[in-house]
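Note that the structure is a prediction, hence the values are computed from the model and not measured. Just so it is clear, the values below take in all heavy atoms, side chains as well, and ignore hydrogens, waters and symmetry mates.
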Amino acid sequence: MAHKHDPNEKIVFIGDSRVRKRDYSNVTPPDYTSFPGKSEAFIPNFLLKEWMVGVVVLIGFLTLVIAEPAPLGYPADPLNSAFIPMPDWYFLFLYQLLKYPYASGDFIVLGVLGLSGIPFIALLLAPFLDTGKERRFYRRPIASSLMIVSLVAVAYLTWVSWDHYQHELEANGQTPEHIEREIKAEEAVEKGLPRPVPGKEKIPAMVAADDPAFTETMTQAQCIACHGAELEGGGAPALRGIGDVLSKEELVEIVTNGKNNGAMPSFKDSLSAEQIDQIATWLSSQKAGAAE
């Protein structure tokens with residue numbers, strides 16, 4: 001308080017003790033552009049934004065996966081020496097990287113663990129190593145250069161791997177299995193035939209398909225739920241040609257008591273001995289060439 005107009009007089013400001021002083025140190029400012037040179041906290045502000053970007057990218061990736069299903073080839077054939085194995089497109093750059101001498105052979109550990117693990121470790125350590133407050137990419141030469149080099153390397157290795165694969169197919173005169181399957185399916189549909197099931201073209205024809213053992217008893221027992229509507233196989237092995245593999249007595253034993261710890265259920269409580277014998281007799285007649 002001041003009582004006189006003396007310039008040397010000490011002025012004392014008296015505050016109101018009833019007004020509490022607020023602490024603004026932990027309050028997040030609404031706009032960081034008001035504070036030049038300052039940056040927002042990594043946790044939780046920046047991390048939350050990264051998570052939201054990750055969610056958007058993941059949704060986009062899942063949309064692409066659903067819209068363009070992965071081509072499924074025929075069952076693996078270890079005797080097919082002409083088959084060219086290829087990983088999914090997002091692993092092509094690693095696949096190509098492992099072909100180089102410094103990432104294979106005597107250096108396989110470096111190629112598998114080192115070259116593929118270093119980028120992921122770098123991403124984990126990035127928030128702790130790159131602590132600069134500058135957010136413009138051209139003001140962060142090291143981080144920006146590493147990111148650009150990584151993107152160029154991934155794009156280049158992916159292109160080289162795919163180009164090499166196309167040259168191998170052309171040199172060997174091969175057609176990829178999923179394309180061959182699509183062509184056969186289109187031809188079958190044009191002829192009014194059912195779409196071929198890959199890997200099951202050599203299954204023997206069904207013998208006596210109108211037998212009551214199949215049309216009534218096995219239908220009642222829901223055998224087709226696992227073995228397929230035409231016993232061509234599905235969740236369980238195909239039963240066409242089973243007579244060449246198992247005898248009637250073995251079939252009776254399997255149908256009665258089950259097999260593989262319940263994978264093939266027991267029907268002794270749901271089917272009579274006569275019905276089981278009827279099924280076993282019919283299945284034992286399912287032999288290759290018997291329908292010809």
Side-chain angles (χ1 to χ4, degrees), residues 60-96 99 157-216 218-219 221-246 263-264 279 282-292:
F61 184 76
L62 291 177
T63 302
L64 291 176
V65 171
I66 296 174
E68 189 68 28
L72 301 179
Y74 299 115
D77 183 6
L79 301 179
N80 183 9
S81 59
F83 176 72
I84 304 175
M86 283 289 288
D88 293 317
W89 63 268
Y90 43 84
F91 283 133
L92 283 178
F93 72 98
L94 283 177
Y95 177 68
Q96 180 64 28
K99 294 179 182 179
L157 291 173
T158 301
W159 174 78
V160 171
S161 179
W162 182 253
D163 186 67
H164 179 68
Y165 174 64
Q166 295 295 324
H167 280 297
E168 284 187 318
L169 290 177
E170 184 178 354
N172 297 333
Q174 293 179 256
T175 302
E177 294 177 354
H178 63 282
I179 296 180
E180 182 180 354
R181 183 180 68 172
E182 184 177 351
I183 294 174
K184 290 182 178 180
E186 292 176 354
E187 292 176 350
V189 171
E190 291 177 358
K191 296 178 181 179
L193 301 175
R195 297 174 66 91
V197 181
K200 297 181 179 179
E201 297 86 350
K202 298 181 180 180
I203 295 179
M206 189 184 301
V207 178
D210 57 347
D211 192 288
F214 172 65
T215 59
E216 298 178 8
M218 295 186 69
T219 302
Q222 295 295 320
C223 298
I224 61 175
C226 297
H227 294 282
E230 300 294 331
L231 304 184
E232 74 282 3
L239 294 181
R240 296 187 186 182
I242 192 67
D244 293 325
V245 181
L246 300 174
M264 166 65 187
I279 292 175
W282 183 76
L283 289 176
S284 64
S285 67
Q286 303 300 317
K287 298 181 179 181
E292 298 178 358

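Remark: Tyr165 engages Trp162 in a ring pair (Phe, Tyr, Trp, His ring centres under 6.0 Å) (not counting sequence neighbours). Residues that satisfy the ring pair (Phe, Tyr, Trp, His ring centres under 6.0 Å) test with Trp89, not counting sequence neighbours, are absent from this structure. Residues forming a side chain to side chain contact (heavy atoms under 4.5 Å, CB included) with Thr175 (at least two apart in sequence, or on another chain): Ile179, Glu180.
Across all non-hydrogen atoms, the minimal contact from Ser161 to Gln96 is CA-OE1, 3.4 Å. In terms of heavy atoms, Phe93 sits closest to Tyr90 at CE2-O, 3.2 Å.
Taken from CD in Glu190 to CD in Glu186, the straight-line distance is 7.0 Å, to the nearest 0.5 Å. In this structure, the separation between NE2 on His227 and CE on Met264 is 5.5 Å, given to the nearest 0.5 Å. Atom OG1 of residue Thr158 and atom CG of residue Leu94 lie 8.5 Å apart, to the nearest 0.5 angstrom. Within the model, atoms NZ of Lys184 and CD of Glu187 stand 9.0 Å from one another, a figure rounded to the nearest 0.5 Å. Annotation: the span from Leu169 atom CG to Ile84 atom CD1 amounts to 4.5 Å, rounded to 0.5 Å. For the atom pair CD1 (Ile242) and OG (Ser285), the distance works out to 12.0 Å, reported to the nearest 0.5 Å.
Residues Phe214 and Ile224 are in side-chain contact: their nearest non-hydrogen atoms beyond the backbone lie under 4.5 Å apart. Side-chain atoms of Leu92 and Pro87, non-hydrogen and from C-beta on, do get closer than 4.5 Å to each other.
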For the pair Leu231 and Gln286, evaluate side-chain contact (heavy atoms from CB on, under 4.5 Å) and give the outcome as yes or no after the intermediate values. CA-CA 11 Å; Leu231 304 184; Gln286 303 300 317; 5.9 Å; no
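With Thr219 contributing its side chain and Thr215 its backbone, the two residues share a donor-acceptor pair below 3.5 Å.
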